[in-house]
Protein chains: 2
Amino acid sequence: MSETVKLTLDEIQELSLTILTKSGFGPDHAQAIADLLTTCQIDDCQSHGLFRLFMCAQTMRTGKVDGNAKPIVAPSDDAVVRVDAQGGMSLLAFDLALPILIEKTRTHGIAAMAINRCFHFSALWPEVESLSAAGLAAMAMVPSHAWVAPAGGTRGSLGTNPLAFSWPRQGKDPFTFDFATSAVARGEIELYRRAGKPLPDGIALDKDGNPTTDPTAAMDGAMLTFGSYKGSALSIMIELLAGPLIDDLTSLESLEFDGGTAGAPYHGEIILAFDPSRFSGGRVAENDARAERLFADITEQGARLPSQRRFAARAQNTARGYVEIAKTLHDDLMALKDQA
Amino acid sequence: MSETVKLTLDEIQELSLTILTKSGFGPDHAQAIADLLTTCQIDDCQSHGLFRLFMCAQTMRTGKVDGNAKPIVAPSDDAVVRVDAQGGMSLLAFDLALPILIEKTRTHGIAAMAINRCFHFSALWPEVESLSAAGLAAMAMVPSHAWVAPAGGTRGSLGTNPLAFSWPRQGKDPFTFDFATSAVARGEIELYRRAGKPLPDGIALDKDGNPTTDPTAAMDGAMLTFGSYKGSALSIMIELLAGPLIDDLTSLESLEFDGGTAGAPYHGEIILAFDPSRFSGGRVAENDARAERLFADITEQGARLPSQRRFAARAQNTARGYVEIAKTLHDDLMALKDQA
């Protein structure tokens, strides 16, 4: 970032709440979104921080999202908690069902949360880290809009379909990753376009299904998955588990539902949680040590664990009490605040 | 394959049972392994068919595996079935716990099988397809030996760590994939070495941690994961879920346990199963149709679903009643049969 603006955590909250409220989000949703954006900004996760306010405001402008939706948890006595977001943003639904997921995981050893009928704009790592903070391992998956071609294909069938995972570590930041199964994030292609730079090879197809390095042609065409046919297979698995398994939309259906209004994707989400104590027969300390030995073997050879940069930012920003964002983003947010 | 030999399914069974029995496997293990190898050969899955008899025989020669081990299922009333393979090959343990996993999945919606203390040489797709044949979705993961470097690393910390997934389709072969998270299978590097051909870029490191295209240097060094840091993160997740979560060894520990004896890896395995009926609130038909629309959108654009080649081989080989294997493999198996 060249020129930056410093914001305290209170300032992030105030700016977010103002924009969200003026956009049409009721107080509960506005607070949940503001809290999430703050969490992301503390970690310098710029792609999923305040920048997402534009998508939140745009989604409200589509007239499809309910800014006052009250999620409903379906009663269940099995290991699955189903929560209907009632056409609102996903976060309140997750928050409502989280304690139930934790309880079910401790009871059954493994459990799942299925969120239905939600608009989704957020990073998944804060959710899986809510579970690792409770001593559980967790995996989360969501579809998105069908902008990504399967391996060997010519057009978008799949979403950017992120997969996130978190593993609790005693007295340390968790082992966490959260990555899109597309080769790059869609926002990155836009950054290449603005910079007038060609894309790397193997990232995208044009509208006729031919490989392209032209960002504009890529935005009109489709992205590719990471990791060729393996990444493509993984992306299809995410469609199935976070879509048809839980009675919710695929990325193809989400894009149709959007109807060109450029709102956040509308679909479901699945979160799996695992209780190490139950799975290991109570031998958590011995197995923590085993996991730590693996992490040490990785870092001792100079490799980084995922999220290490994010945790370093968290430590720095928490200590100094402010975060930095690009001045260009801040300018755009000020304009959004005035127009929202 | 240049020159081939035709084998009926009975001949596969007889050859397998003879070699396994002479190697020291008791009748239960020999039959379970022979059945699995037959299943793989019907699908022309050459890498995990009869070829694996060499690894089975070698593992017995290490003196570490128990050819008569009787797996034990731990009683549980939660959603996790734990089965101790008692130091035998993994297959009997899976077979014993499979009906319990299916029952637990139907009861709880989601359930898991943890296999402990097993030697493992087999493909995972037959296991996840056992579950999709019962109408459940399933995911399976295992570590192996620490031959794979993490992204940014210089030496092996991770196994080839396969991930398999299967989704049931009404009246059709399931959607199934089963891939190593290493860039290539270890056997492929050996094939390049034998052929005197250089490896593609980005596959392997030499013993000093430098990129290499020399197959011999790669065998002394480490493989890389597929998909760069994303594949590496996925591989670490598999280590954690199929290792410390379930109180069993990592790939680092498995390689140490092997102590240079070149046996099959020794560790645990985790299998997750999902009941579409419970997750979807009984709306299975509607959601099957949704999944089928996604599959159709993928295949209509000329992309292949994973395992399509395998299912085509299954249909052909089942119809004609025999399979074909390379004559060189058959010659080697005849020699193994005499010496075992």
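Quick caveat: nothing in here was measured; it's all calculated off a predicted structure. So that the names make sense, note that chain A is the first sequence line, chain B the second, and so on, each numbered from 1.
- The closest donor-acceptor contact from the side chain of A:Gln301 to the backbone of B:Arg155 lies under 3.5 Å.
- Judged by distance alone, with hydrogens and angles left aside, the side-chain atoms of B:Arg290 form no donor-acceptor pair with the main-chain N or O of A:Thr250 at under 3.5 Å.
- The distance from atom OG1 of B:Thr154 to atom CD of A:Glu300, rounded to the nearest 0.5 Å, is 10.5 Å.
- For chain B, the option among A:Gly227, A:Ser280, A:Gly153 with the highest count of heavy-atom pairs below 4.5 Å is A:Ser280.
- No side-chain heavy atom of A:Phe165 sits less than 4.5 Å from a side-chain heavy atom of B:Leu234.
- Between chain B and the residues A:Asp247, A:Thr299, A:Leu305, A:Asp78, the most heavy-atom pairs under 4.5 angstrom are made by A:Asp247.
- Taking the side chain as every heavy atom from C-beta outward, B:Phe295 and A:Ile236 approach each other to under 4.5 Å.
- The greatest number of non-hydrogen atom pairs below 4.5 Å with chain A, out of B:Ser228, B:Ala79, B:Ser76, B:Pro306, is found for B:Ala79.
- Your options are A:Leu252, A:Ile298, A:Ile246, A:Leu240, and the one with the most heavy-atom pairs under 4.5 Å with chain B is A:Leu240.
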Using distance only, find each side-chain donor-acceptor pair of residues 266-277 of chain A under 3.5 Å and give its atom names and separation, not counting sequence neighbours.
{"from": "A:His267", "atom 1": "NE2", "to": "A:Pro143", "atom 2": "O", "distance (Å)": "3.0"}
{"from": "A:Glu269", "atom 1": "OE1", "to": "A:His120", "atom 2": "NE2", "distance (Å)": "2.8"}
{"from": "A:Asp275", "atom 1": "OD1", "to": "A:Ser277", "atom 2": "N", "distance (Å)": "3.0"}

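- For chain A, the nearby part of B:Ala183 is the backbone; its heavy atoms alone come within less than 4.5 Å.
- For the atom pair A:Tyr229 OH and B:Phe179 CZ, the distance stands at 8.5 Å (nearest 0.5 Å).
- Of the atoms belonging to B:Thr107, it is backbone heavy atoms, and not side-chain ones, that fall under 4.5 Å from chain A.
- At a threshold of 4.5 Å between non-hydrogen side-chain atoms, the residues B:Trp167 and A:Leu245 count as touching.
- Comparing A:Gly152, A:Pro244, A:Ser251 by how many heavy-atom pairs each has under 4.5 Å with chain B, the most go to A:Pro244.
- A:Ala151 and B:Ala303 make their closest contact through O-CB, 3.4 Å (heavy atoms, listed as atom of the first residue, atom of the second, distance).
- Counting only distance, with no hydrogens or angles, the side chain of B:Lys230 and the backbone of A:Ala180 share a donor-acceptor pair below 3.5 Å.
- Taking the side chain as every heavy atom from C-beta outward, A:Leu241 and B:Phe279 never approach each other to under 4.5 Å.
- Comparing A:Arg304, A:Glu239, A:Met139 by how many heavy-atom pairs each has under 4.5 Å with chain B, the most go to A:Met139.
- Heavy-atom neighbours of A:Asp201 CG from other residues, nucleotides or ligands within 6.0 Å: at or below the threshold of 12.
- Residue contact with chain B, scored on non-hydrogen atoms closer than 4.5 Å, involves the side chain of A:Leu163 exclusively.
- Separation of the B:Phe226 and A:Phe226 ring centroids falls under the 6.0 Å cut-off.
- Residue contact with chain B, scored on non-hydrogen atoms closer than 4.5 Å, is absent for A:Asp288.
- Contacts with chain B (heavy atom to heavy atom, under 4.5 Å) involve these residues of residues 108-117 of chain A, listed by number: A:His108, A:Gly109, A:Ile110, A:Ala111, A:Ala112.
- Contact count against chain B (heavy-atom pairs under 4.5 Å) is highest for A:Leu249 among A:Asp77, A:Leu249, A:Leu158, A:Val284.
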